[in-house]
Amino acid sequence: MDNSDYNESSSVSYLNCNEGIQFDGRSYALFDPNFKIYESFSINFQLRTFAHDGLILWIDDPLPESSFTIEIQNRQLTARAVIDGQPFSVRTEFTKNRLCDGVWHCVQVRLEGSLLSMKVDMRQYCKTESRAHSIDMRGPLFIAGYSEKYSPTYLSVRSNKFFQGHLRNLKINEKQIEWLAPRLTAAARQFYHISPQIISTNAEQSFLNAPAFNKYIVETA
């Protein structure tokens, strides 16, 4: 755990008590300002929330365009990897509000080469991307949100909200994480920065063509 980015606005909170750490939708924690994913990455945690959307984890390496994200979208949990501009993801398929119901849920996510797998409680989801040959990314690893110094691309992060709820029993690469130091942020997801890569699905293209989205488009350098 690296706390070099924190000042008097943050305080240590412990993950392994019964209630874990509460995030209010306006704060984030920086786990490591220079985290490296090489070939594989795993994370285990428990979450409890009523929120239908929210960012849980994000790491980004713009050169090459690579990232890893875990977020809640429309009451479904999604894990998404972007490797050299190639996105692939796994997503829960709950037919009822089984994730955002205010009770604790166990989550395990593993990225290993071209295989992305996620287990939520007793349900398993997997995706293989043959174009993702190797993983090598380095960047700040954020929990529950991110600093106002950053602006994720749509290819990387889809939710425009930070996580609101509780997290506990966090393990990263099989190492138990004892504490985090949440802090408030001034970041606001009012618009997305479009990736230069081609959007991969018809659903994503429909989103970009929607009038409500077009008025917020920002040109990137």
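All of these numbers come straight from a predicted model, not from anything done at the bench. For this chain, numbers begin at 1 and follow the sequence in order.
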Open item on the list: Would you say Q86 and R131 are linked by a side-chain donor-acceptor pair, where the criterion is simply a distance under 3.5 Å?
Closed with: yes
Task: Least distance between heavy atoms, G139 atom then I59 atom - done: O-CD1, 3.6 Å
Task: Check: V82 main-chain N/O paired with E65 side-chain donor or acceptor under 3.5 Å - done: no
Open item on the list: How long is the straight-line distance from CD1 of I143 back to CG of L170, given to the nearest 0.5 Å?
Closed with: 5.5 Å
Open item on the list: Go through it in stages, so that I can follow the logic: the residues are L57 and T69, the test is side chain to side chain contact (heavy atoms under 4.5 Å, CB included), and I'd like the CA-CA distance, side-chain angles, deciding distance and then a yes or no.
Closed with: CA-CA 5 Å; L57 176 144; T69 306; over 6 Å; no
Open item on the list: I'd like to know whether Y125 forms a side chain to side chain contact (heavy atoms under 4.5 Å, CB included) with S117, so could you lay out the CA-CA distance, the side-chain angles of the two residues, the decisive distance to 0.1 Å, and finally the verdict.
Closed with: CA-CA 6 Å; Y125 308 87; S117 62; over 6 Å; no
Task: From OG (S130) to CG (L115), nearest 0.5 Å - done: 12.5 Å
Open item on the list: Would you say that M118 contacts V90 through its side chain, given a criterion of any heavy-atom pair below 4.5 Å between the two side chains?
Closed with: yes
TODO: Using side chain to side chain contact (heavy atoms under 4.5 Å, CB included) as the criterion, point out the one residue from L116, I172, I135 that pairs with F41.
DONE: I172
Open item on the list: Under a 3.5 Å cutoff, is there a donor and acceptor pairing between the side chains of Q76 and R91?
Closed with: no
Task: Within 6.0 angstrom of N34 CG, more than 12 heavy atoms from elsewhere - done: yes
Open item on the list: If I compare all heavy atoms of R168 with all of G20, which pair ends up nearest, and what's the gap?
Closed with: CB-CA, 3.6 Å
Open item on the list: Side chains of Q73 and D53 only: does a donor on one sit below 3.5 Å from an acceptor on the other?
Closed with: no
Task: Derivation of the side chain to side chain contact (heavy atoms under 4.5 Å, CB included) call for T92 and T78 - done: CA-CA 7 Å; T92 58; T78 299; over 6 Å; no
TODO: Evaluate the side-chain proximity of Y150 to P140: yes if any heavy-atom separation is below 4.5 Å, no if none is.
DONE: yes
Task: is_close_aromatic(Y28, Y146), centroid dist under 6.0 Å - done: no
Task: Residue pair F88 / A132: nearest heavy atoms and the distance that separates them - done: CE2-CB, 3.8 Å
Open item on the list: Measuring only between side-chain heavy atoms, which start at C-beta, is V107 closer than 4.5 Å to L77?
Closed with: yes
- [ ] Please answer whether the main-chain N or O of H105 pairs with a side-chain N or O of D121 as donor and acceptor at a distance below 3.5 Å.
- [x] no
- [ ] With rounding to the nearest 0.5 Å, note down the distance linking CD1 in I70 to OG in S159.
- [x] 13.5 Å
- [ ] Answer whether the closest heavy-atom distance between the side chains of E19 and R48 falls below 4.5 Å.
- [x] yes
Open item on the list: A side-chain contact here means heavy atoms from C-beta on lying under 4.5 Å apart; do P182 and F23 qualify?
Closed with: yes
Open item on the list: To check you understand the geometry: which heavy-atom pair defines the closest contact between S134 and I83, and what is its length?
Closed with: O-CG2, 3.2 Å
- [ ] Using distance alone, with no hydrogens and no angle criterion, decide if W58 and S67 have a side-chain donor and acceptor under 3.5 Å apart.
- [x] no
Task: Closest non-hydrogen atom pair, G85 against L155 - done: O-CD2, 4.0 Å
- [ ] Considering only NZ, NE, NH1 and NH2 on the basic side and carboxylate oxygens on the acidic side, decide whether E71 and K161 come within less than 4.0 Å.
- [x] no
Task: No-hydrogen, no-angle side-chain donor-acceptor test under 3.5 Å, E129 and S114 - done: no
TODO: Decide yes or no for H166 and W104: does some side-chain heavy atom of the first lie under 4.5 Å from some side-chain heavy atom of the second?
DONE: yes
TODO: Check whether any side-chain N or O of D24 sits under 3.5 Å from a backbone N or O of R26 as a donor-acceptor pair, and report yes or no.
DONE: yes
TODO: Determine, stepwise, if the pair C106 / Q46 fulfils side chain to side chain contact (heavy atoms under 4.5 Å, CB included).
DONE: CA-CA 5 Å; C106 298; Q46 291 179 288; 3.5 Å; yes
Open item on the list: With a 4.5 Å cut-off on side-chain heavy-atom distances among I, L, V, M, F, W and Y, is there a chain of contacts connecting F94 to I56?
Closed with: yes
Open item on the list: Rounded to the nearest 0.5 Å, what separates atom CD1 in I72 from atom CG in L55?
Closed with: 10.0 Å
TODO: Examine distances only and state if a side-chain atom of N169 and a backbone atom of F45 form a donor-acceptor pair shorter than 3.5 Å.
DONE: no
Task: Residue pair S42 / E174, side-chain heavy-atom distance below 4.5 Å - done: yes
Open item on the list: If the threshold is 4.0 Å, N to carboxylate O, is there a salt bridge linking E93 and R123?
Closed with: no
Task: SB check D136 K36 (cutoff 4.0 Å) - done: yes
Open item on the list: Ignoring hydrogens, what is the shortest heavy-atom contact between A79 and V109? Give both atom names and the distance.
Closed with: CB-CG1, 3.9 Å
Open item on the list: Please report the interatomic distance OG1(T49) to CG(L99), rounded to the nearest 0.5 Å.
Closed with: 8.0 Å
Task: Side chain proximity check, D101 to F50, heavy atoms < 4.5 angstrom - done: no
TODO: Calculate, to the nearest 0.5 Å, the distance between atoms NZ and OG belonging to K127 and S89 respectively.
DONE: 7.5 Å
